[in-house]
Amino acid sequence: MKTPVKATLIAIAAALALAIVGILYAMSQGATETAPPEGEKLQTVRTDSHVLDEGGADAVTVVEFLDFECEACGAFYPLVEDLREQYSGDITYVVRYFPLPGHINSTQAALAAEAAARQDRFEDMYHRLFETQSQWGERSEETPEVFRGFAEELGLDMAAFDAAVADPATLERVQADKTDGERLGVSSTPSFFIDGEPVVLEAWGDLEAAIERAVNG
């Protein structure tokens, strides 16, 4: 390998490593020691929670509280997709909303996902939002027209989509997830729970290791 090419590859690898370290550091800074009231076990999954993969009665339940605008969530998205495929049939994978106040479009994105869910297209919108995050994230003002455009691209019933986005019950549904997350001690995203227990993320492979232990334990 020629020296300039090798140096370039090393520089790229170093930049990626630094980015991952930065993401994990930011997540750790948002961690909290909040715990459920003594004697009370809080729910990580509700009957209306969005299940991406149903593993069956004996499956391990993995819950992710996410913010579609969160860069750390975007970084974890490919890993999560790999793990969903790797442990297909062994895990039930659930996602819940946790829009952070510092992200201008996070609530709008969640509303779009929930409106799509009313047409049984939640997962399609879930993928579209993460795959396009760099196009609409980190803006100075909300861009609901962008998410409406995604709905059109997905072929959704637009009258129904618009009605769902405008329906106060849709926002209440998003906020209900966030309220549950706050009671569980969630303060940053992504935050994961496995069979009701929080996953501590200190290194990039911690989520996979925790799932493996739960599945094989």
Side-chain angles (χ1 to χ4, degrees), residues 12 14-32 49-50 52 62-84 93-119 121-156 158 161-162 164-166 170-182 186-192 199 201 204 206-207:
I12 292 172
L16 288 173
L18 287 172
I20 291 171
V21 170
I23 288 169
L24 291 171
Y25 176 77
M27 291 170 60
S28 69
Q29 293 304 296
T32 179
S49 294
H50 296 302
L52 297 184
V62 182
V63 178
E64 177 185 2
F65 282 86
L66 59 79
D67 175 339
F68 287 110
E69 190 172 356
C70 166
E71 290 183 342
C73 293
F76 265 84
Y77 168 69
L79 172 64
V80 165
E81 293 305 295
D82 287 344
L83 293 175
R84 287 178 58 198
Y93 201 89
V94 182
V95 294
R96 305 192 66 183
Y97 306 115
F98 200 85
L100 297 169
H103 293 153
I104 301 299
N105 267 318
S106 58
T107 297
Q108 288 294 326
L111 291 175
E114 188 59 26
R118 293 195 183 186
Q119 299 185 44
R121 299 292 298 280
F122 173 83
E123 186 167 359
D124 291 330
M125 184 63 79
Y126 160 88
H127 289 304
R128 185 62 58 90
L129 290 170
F130 276 128
E131 290 165 358
T132 63
Q133 187 191 74
S134 62
Q135 299 175 23
W136 53 266
E138 302 299 324
R139 297 294 183 262
S140 59
E141 57 184 25
E142 292 181 341
T143 57
E145 68 280 359
V146 171
F147 306 116
R148 192 176 191 279
F150 295 157
E152 289 180 319
E153 292 168 6
L154 291 173
L156 301 186
M158 294 310 298
F161 178 84
D162 291 339
V165 170
T170 307
L171 179 59
E172 290 172 4
R173 169 68 182 76
V174 172
Q175 291 297 331
D177 268 9
K178 187 173 185 183
T179 297
D180 272 359
E182 289 170 342
V186 174
S187 64
S188 62
T189 56
S191 285
F192 298 93
V199 179
L201 298 177
W204 190 246
D206 285 348
L207 177 60

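All values below were derived from every heavy atom in this structure, side-chain atoms included, with hydrogens, water molecules and symmetry-related copies excluded.
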Take Tyr93 and Val80 through the test side chain to side chain contact (heavy atoms under 4.5 Å, CB included) and record every step on the way to the result.
-> CA-CA 9 Å; Tyr93 201 89; Val80 165; 3.4 Å; yes

Any chance you could lay out the side-chain hydrogen bond (donor to acceptor under 3.5 Å, both in side chains) test for Gln133 and Tyr77, step after step, and finish with the verdict?
-> CA-CA 11 Å; Gln133 187 191 74; Tyr77 168 69; over 6 Å; no

For Asp162, what residues pass the salt bridge (Lys or Arg N to Asp or Glu O under 4.0 Å) criterion, not counting sequence neighbours?
-> Arg148

Looking at residues at least two apart in the chain, or sitting in another chain, which of them share a side chain to side chain contact (heavy atoms under 4.5 Å, CB included) with Gln135?
-> Thr132

Taking atom CD of Glu145 and atom CD of Glu152, what is their separation to the nearest 0.5 Å?
-> 11.5 Å

Kindly give the heavy-atom pair with the smallest separation between Glu64 and Pro190, and that separation in Å.
-> OE2-CB, 3.5 Å

Mind checking what makes side-chain hydrogen bond (donor to acceptor under 3.5 Å, both in side chains) contact with Gln119, not counting sequence neighbours?
-> none

Looking at residues at least two apart in the chain, or sitting in another chain, which of them share a ring-ring contact (aromatic ring centres under 6.0 Å, His included) with Phe147?
-> Trp136

Quick one: salt bridge (Lys or Arg N to Asp or Glu O under 4.0 Å) partners of Glu131, sequence neighbours excluded?
-> none

Test Leu111 against Leu171 for side chain to side chain contact (heavy atoms under 4.5 Å, CB included), laying out the working first.
-> CA-CA 6 Å; Leu111 291 175; Leu171 179 59; 4.1 Å; yes

Looking at Phe76 versus Phe192, is the centre-to-centre ring distance below 6.0 Å?
-> yes

How far does OG1 of Thr107 sit from CD of Glu114, to the nearest 0.5 angstrom?
-> 12.5 Å

Side chain to side chain contact (heavy atoms under 4.5 Å, CB included) partners of Glu153, counting only residues at least two apart | Arg128, Phe150

Distance in Å, Glu141 CD paired with Thr143 OG1, rounded so as to fall on 0.5 Å steps | 8.0 Å

Residues Ala115 and Ala164: closest non-hydrogen pair is CB-CB, 3.6 Å

Output for pair (Ser134 OG, Glu71 CD), nearest 0.5 Å, gives 10.0 Å

Identify the two heavy atoms, one from Ala113 and one from Phe122, that lie closest to each other, and give their separation to 0.1 Å.
-> O-CD1, 3.6 Å

Side-chain donor or acceptor of Glu69 paired with backbone N/O of Glu138 under 3.5 Å | yes

Sequence neighbours excluded, the answer for side chain to side chain contact (heavy atoms under 4.5 Å, CB included) partners of Arg139 is Asn105

Partner residues of Tyr97 under the ring-ring contact (aromatic ring centres under 6.0 Å, His included) criterion, sequence neighbours left out = His50

Residue pair Pro99 / Val174, side-chain heavy-atom distance below 4.5 Å | yes

Salt bridge (Lys or Arg N to Asp or Glu O under 4.0 Å) involving Glu123 - partner list, sequence neighbours excluded = Arg84

For Leu100, all residues meeting side chain to side chain contact (heavy atoms under 4.5 Å, CB included), sequence neighbours excluded = Asp67, Phe98, His103, Thr189

Non-neighbouring partners of Asp124 that pass salt bridge (Lys or Arg N to Asp or Glu O under 4.0 Å), sequence neighbours left out | Arg121

For Pro144 and Gln108, the nearest pair of non-hydrogen atoms, with its separation, is CB-OE1, 3.4 Å

Shortest non-hydrogen pair, Ser49 vs Val94, comes out as CB-CG1, 3.7 Å

Return the minimal non-hydrogen interatomic distance between Phe161 and Ala112, and the atom names on each side.
-> CE1-O, 3.6 Å

